[in-house]
Amino acid sequence: MQPLRRWWNETAGGLPATFWYLWAGILINRAGAFAMLFLSLYLTEARGASAALAGLVVGAYGAGGAVGVLLGGVLADRWGRRATLLTAHLITAGLMVALALSRHLLLIAVLSALVGVVHSMPSPAFVAAIVDMVPERRRSRAFNLQFWAFNLGMAVASLLAGVLAEASFLALFLVDAGATLATALVIAWKVPETLSRPALTPRVDLPAGTARPGDRRSGLVTALTDRIFLSFVGLTFVLAVLTMQTSTIMPLAMRADGLEPSAYGLVVALGGALIVLGQLFVPRLIDRRRKAVVLAVSTGLMAIGFGALTFADQLAFYLGAAVVWTVGSMLAAPPNAQINADLAPPELRARYQSVFYLTFPAASFVAPTLGGVSLQYLGSAHWLVVGGLGLLAAVGHLLAGPPRERRVAALIRSTGSGRSVVPAAGPVPAGGAEPTDERIRIA
């Protein structure tokens with residue numbers, strides 16, 4: 001029992017109760033967020049849309065997501081995390097009901113774009129709230145648990161979605177709306193506002209491009225002109241492009257190798273199972289190691305995994321490569337989120353998150369667009385290009401690590417960001433024996 005208790009404390013201990021309510025909200029939200037996965041099928045089978053029109057509507061949803069990420073970041077820093085989360089989830093629930101009852105394709109397209117906006121709004125607020133409440137030394141485990149909850153919820157959603165889609169598309173949208181509303185109720189009931197306005201701090205020289213506490217310039221302008229932050233965003237974009245290969249280009253490659261769609265499903269299922277079963281063991285592997293080194297190793301593993309597909313022509317080879325790149329993505333998730341949080345000035349946390357999250361819709365556009373051309377003209381050599389790009393990104397993390405670490409140290413001196421506000425929201429439920437009556441804890 002002692003080793004198990006030690007592992008649990010290292011994996012999930014010492015986190016405030018509010019974090020666990022947010023974690024539950026993420027899990028419920030992702031487990032029920034399946035209606036849009038079947039949007040193209042719903043449009044073609046239930047509403048008689050052509051494949052081209054269905055593609056345009058799904059594209060409108062994706063475009064709305066890019067707008068929603070930026071809007072969510074701005075609102076989370078101005079209104080507060082809780083208000084943004086509640087607003088986005090309540091509007092989403094209403095839009096899902098409207099989609100379920102809509103019959104006209106033009107109205108469905110408009111509603112889909114709006115759902116894309118509000119679906120993406122909570123992401124910056126969720127992460128900013130975690131940073132607000134979790135002490136710096138425990139953020140890695142918090143982000144690891146967030147990543148695990150997200151993937152566990154997606155696994156549940158994938159199982160439920162197929163069953164509901166076969167039974168009733170109406171039920172698909174209504175159950176999604178119900179799960180979204182349940183998340184809003186959890187937040188309204190148990191999650192207080194975590195945004196605090198920092199007090200004035202002594203003037204400390206910061207690296208160029210770093211915002212100071214109380215700086216009221218546009219946070220998006222600050223984030224978009226922050227060179228150190230943007231270099232990290234660029235490296236994350238490469239990581240996202242690699243990840244998107246599994247859902248965009250790999251199915252085409254497997255089909256060209258004569259493999260059935262069920263083989264592709266098996267590869268995807270293996271990756272999901274590895275994350276659900278193994279993600280909780282990641283903190284023990286990466287704690288007390290430099291984040292830049294962890295990201296270099298993880299990106300290198302992903303590069304090797306995808307690069308190995310150059311020689312793949314059998315299902316067993318694809319499964320083996322999937323193990324390699326999935327382990328890489330598992331190692332990358334906690335430090336990637338933590339570096340993003342560390343680089344953001346406290347008053348601009350959500351705005352920085354919104355710029356960071358733009359990498360994913362951008363990658364979802366670039367990966368299939370350029371990847372399809374690459375696969376058509378280069379054939380299996382496409383995977384050599386993907387692997388080479390990943391190895392360059394791994395080297396980039398090693399080179400960008402020291403400047404990032406100096407930036408974080410300067411921010412801590414200027415803002416005291418090693419101090420985390422912890423809302424008084426009950427006891428610590430997971431292995432933590434820390435006092436909960438403090439308003440401020442030193443990380």
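The two atoms that bring Ala394 and Gly300 nearest to each other are CB-N, 4.0 Å, heavy atoms only. Of all non-hydrogen atoms in Ala303 and Leu242, the two that sit nearest each other are N-CD2, 4.1 Å. Residues Val233 and Phe356 approach most closely at CG2-CA, 4.3 Å, considering heavy atoms. Taking all atoms of both residues into account, the shortest heavy-atom contact from Arg290 to Gly401 is NH2-C, 4.4 Å. When all heavy atoms are compared, the tightest approach of Ser102 to Leu111 is OG-CD1, 3.2 Å. Among all heavy-atom pairs drawn from Ala292 and Leu398, the shortest one is O-CD2, 4.2 Å.
Put simply, the side chain of Thr225 gets close to the backbone of Val221: a donor and an acceptor are under 3.5 Å apart. Checked by atom type and distance alone, the side chain of Arg404 never pairs as donor or acceptor with a backbone atom of Leu343 at under 3.5 Å. With hydrogens and angles ignored, the 3.5 Å screen pairs no side-chain donor or acceptor of Thr326 with any backbone N or O of Val323. No donor-acceptor distance shorter than 3.5 angstrom exists from the side chain of Thr180 to the backbone of Ala93, with no hydrogens or angles considered. Not one N or O on the side chain of Arg349 forms a donor-acceptor pair closer than 3.5 Å with the backbone of Ala341. In this structure, Asp77 contributes its side chain and Ala350 its backbone to a donor-acceptor pair below 3.5 Å. At least one donor-acceptor pair under 3.5 Å links the side chain of Arg81 to the backbone N or O of Ala76. The closest donor-acceptor contact from the side chain of Arg82 to the backbone of Thr194 lies at 3.5 Å or more, if one exists at all. Listed for the Tyr264 side chain is a donor-acceptor partner under 3.5 Å among the backbone atoms of Thr246.
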When you look at Val355 and Phe229, which way does the side chain to side chain contact (heavy atoms under 4.5 Å, CB included) test go after all the steps? CA-CA 10 Å; Val355 174; Phe229 173 68; 3.8 Å; yes
Applying side chain to side chain contact (heavy atoms under 4.5 Å, CB included), run through Leu43 and Leu53 and close with a yes or a no. CA-CA 9 Å; Leu43 289 169; Leu53 181 57; over 6 Å; no
One pair to check against side chain to side chain contact (heavy atoms under 4.5 Å, CB included): Phe143 and Val127. What are the steps and the verdict? CA-CA 8 Å; Phe143 288 129; Val127 178; 3.7 Å; yes
Start with the C-alpha gap between Glu136 and Asp342, add the side-chain angles, then the distance that decides, and say whether side chain to side chain contact (heavy atoms under 4.5 Å, CB included) holds. CA-CA 8 Å; Glu136 192 277 336; Asp342 290 344; 4.1 Å; yes
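Note: Thr84 OG1 to Leu71 CG = 8.5 Å, rounded to the nearest 0.5 Å. Atom OG1 in Thr92 sits 10.0 Å away from atom CG in Leu114 (nearest 0.5 Å). Ile187 CD1 to His89 NE2: the interatomic distance, rounded to the nearest 0.5 Å, is 5.0 Å. Expressed to the nearest 0.5 Å, how far CD1 of Ile228 lies from CD1 of Ile339 amounts to 12.0 Å. We find the CH2-CD distance between Trp148 and Gln279 to be 10.0 Å, quoted to the nearest 0.5 Å. Rounding to the nearest 0.5 Å places CD1 of Ile91 at 12.0 Å from NE2 of His119.
Residues Thr299 and Leu235 are not in side-chain contact: their nearest non-hydrogen atoms beyond the backbone lie 4.5 Å or more apart.
With hydrogens and angles left out, the side-chain atoms of Asn29 and Thr183 include no donor and acceptor closer than 3.5 Å.
Residue Ser298 forms a side chain to side chain contact (heavy atoms under 4.5 Å, CB included) with just one option from Val282, Leu331, Asn336, and that option is Leu331.
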